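Naming: A, B, ... by sequence-line order, numbering from 1 per chain. Atom set for the values below is all heavy atoms of this structure, side chains included, hydrogens, waters and symmetry mates excluded. Because the structure is a prediction, the values reported are computed rather than measured.
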Protein chains: 2
Amino acid sequence: MPITLEEIAKLSGVSRSTVSRVVNGHENVREETRKKVQSVIDELNFQPNIAARSLAAGKTGIMGLVIPAGVSALFSDPYFPQLIQGISSACNKRDYSMMLWVDEPNYRLRTIRQLLYSGLLDGVIISSMLMEDPIIKSLYERHMPLVLIGRHPELNVNYIDVNNQAAANKATSFLINCGCSRIATITGPINMIAGYDRYQGYCTALDQHGFDLDNSLVAEGDFTEVGGYDAMKQLIPQKPDSVFIANDTMAMGALRALHEAGIRVPEDISIIGFDDSPIAPHATPPLTTMRQSPYDMGCEAVNTLIEIINNQVRPPQQIVIESELVIRESCLSKEFVKEAI
Amino acid sequence: MPITLEEIAKLSGVSRSTVSRVVNGHENVREETRKKVQSVIDELNFQPNIAARSLAAGKTGIMGLVIPAGVSALFSDPYFPQLIQGISSACNKRDYSMMLWVDEPNYRLRTIRQLLYSGLLDGVIISSMLMEDPIIKSLYERHMPLVLIGRHPELNVNYIDVNNQAAANKATSFLINCGCSRIATITGPINMIAGYDRYQGYCTALDQHGFDLDNSLVAEGDFTEVGGYDAMKQLIPQKPDSVFIANDTMAMGALRALHEAGIRVPEDISIIGFDDSPIAPHATPPLTTMRQSPYDMGCEAVNTLIEIINNQVRPPQQIVIESELVIRESCLSKEFVKEAI
DNA sequence: AGAATATATGAGAGCGCTCCCACAAAGAAA
DNA sequence: TTTCTTTGTGGGAGCGCTCTCATATATTCT
């Protein structure tokens, strides 16, 4: 039996309205009154009923987070956990709460309906990865306050993203500058925007440096360790001298395949990953990689969403975070070796 | 501007009450009326306002899920992602939604308050791992419908758990039966219940087979890959002939340390893990391990919680799932080798 | 047939809150 | 002083729903 505003009012000898003002930090309450009411609130551990507040004010302080199913595969990658943690942490700071929706295709209609029409959510963060996503489209069309993690290929919508193309380009260029010439890549799924963008960055880097794209040096992975392992096995017969791998988790798998095959890293082959995930510095050898911080992206997304919720209509915010090259020991500069000899 | 019951009522020429009955599947509505109303509902994509429903009925169809912070460490393990997916999937099936609370110590008071007093949650699932958890205690004392993932050391509360002790015992006994005699272990954090229980199982197995506990063969890990790697490095000088490792993620790290040290698995040392995580069959060599399914535990937890919510007071449900030994190639039977020679 | 029961629908109250407006008390301007 | 503002507080309406109760219609029993 929870406590109500009315009871607090009775106990502190003021009206319901005044208690409401105290709870919501409105001005025009005498300091003395405020203190008296606050002490009753604290004593009884009063917490306003969110449902009632929502009904009356049209705001809930709750935001939705939609992440794709198939996370059990994707989740072997620490990307989502970090993202969730960032979002959750930022929500706590801003006094918001988070509802999590795992987007299972079978229940997609239910998800969309509840997201949109239940009146429970002030806004939604979507970490979709697919090129086409019906949820995004629905929410966008209905003007639900919305922030994406990762850019959208068509819609002019708010998003936070790393500059995947530029980062992949930088990574590939780094391999080229190390003197590598048979540069392979293990991509993410090409129907995911991040997978697509990183592959594009690889292609443009090759092009800019006068290399031709060799399809036998391209293997599509799925962002999992095992996917990286399999893709690397497929690439080994092509004898690449370096590989740009679209995330660190696949790089770990690739490393495993190379160790098994007796191919040394970086002496025989240079490896560069993507993410700078927690495991990268602990790989054997420590992994050169492109840094991105899903935790920070999550925080940024929350703050952006709250701005949107509060300020109503604004030009879409599209925040692109540059990714930084983290050089460790998995790449060997051929020039450097020549000099050393 | 969402649609309301009243509007549906007007459009279908019945009263608000009748629409409510249709929406909630009550009986005593003429089939003809029901169809008429339903068609209007479908056409307008009507979704009842959860807040209003909650206020009026005292139920929301929302459950809370609390998982510990530090997940970014723990999340490198697929345990939580799978658990979340199981819970989410079961919620979808049962027409519930899930709010996720990452338990950050700094915001614990806020979490508890909102969990308990906001009136938004019909029940809570807690996947705490610590021996002492103030959140559990608060919710328990206030009679919030509650299911734990993992047993509680004191409280007589509903939970779903694997039989960690028995499973660890089985794993250790398996190593003994393979002819191993210097059996090491890499434990989880001992202040986590699962870590503690698995360690206990290891100890009792040793005891039952007449081995003494040798503390130099015990290394405490933290359930992460890197933790497993470090712990294994610490154990190698002790020259164990086998290791029981409290989860597969640490086992992957241990395997890495062993490869680096040139120690062959299983020829030189036998390794057994815990979880049968997705990566286990793909390890080098494929990992013998104890199977548990956090996905299924999540489903079970949801179903149990919904029962509790609906049936009010019941004796605490304590569901213990037996864990199954999955034999792969990371353990070698010494007997078998002798025979082979 | 009339009375008793079963079935279908509507009206009203109220869940706990916010927000608008009314009004009292106090201070500033005339 | 009177008038006009400012500040602090209370009362009422209403958010969209569920639920109980009253009422109207259909079915069964004597």
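- Taking each heavy atom of B:P316 and B:N158 in turn, the nearest pair found is CA-OD1, 3.1 Å.
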*For DNA chain D, what is the dot-bracket line, given that a base pair needs Watson-Crick (N1 to N3, plus N6-O4 or O6-N4) or G-U wobble (N1-O2 and O6-N3) geometry with both distances under 3.5 Å, and | means paired with another strand?*
...|||||||||||||||||||||||||||
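- At least one donor-acceptor pair closer than 3.5 Å links the side chain of A:D122 to the backbone N or O of A:T60.
- Minimum heavy-atom separation, A:R151 to A:D161: N-OD2, 2.9 Å.
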*asked:* What does the B/S/- profile of nucleotides 9-22 of chain C look like, 5' to 3', with a 4.0 Å heavy-atom cutoff to protein?
replied: BBBBBBBBBBB---
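- The shortest side-chain heavy-atom distance between B:I41 and B:Q47 does not fall under the 4.5 Å cut-off.
- We find that A:K10 and A:E7 are not joined by a salt bridge, their nearest charged nitrogen and carboxylate oxygen being 4.0 Å or further apart.
- No donor-acceptor distance shorter than 3.5 angstrom exists from the side chain of B:S20 to the backbone of B:R16, with no hydrogens or angles considered.
- Within a 6.0 Å radius of NZ in B:K137, no more than 12 heavy atoms belonging to other residues, nucleotides or ligands are found.
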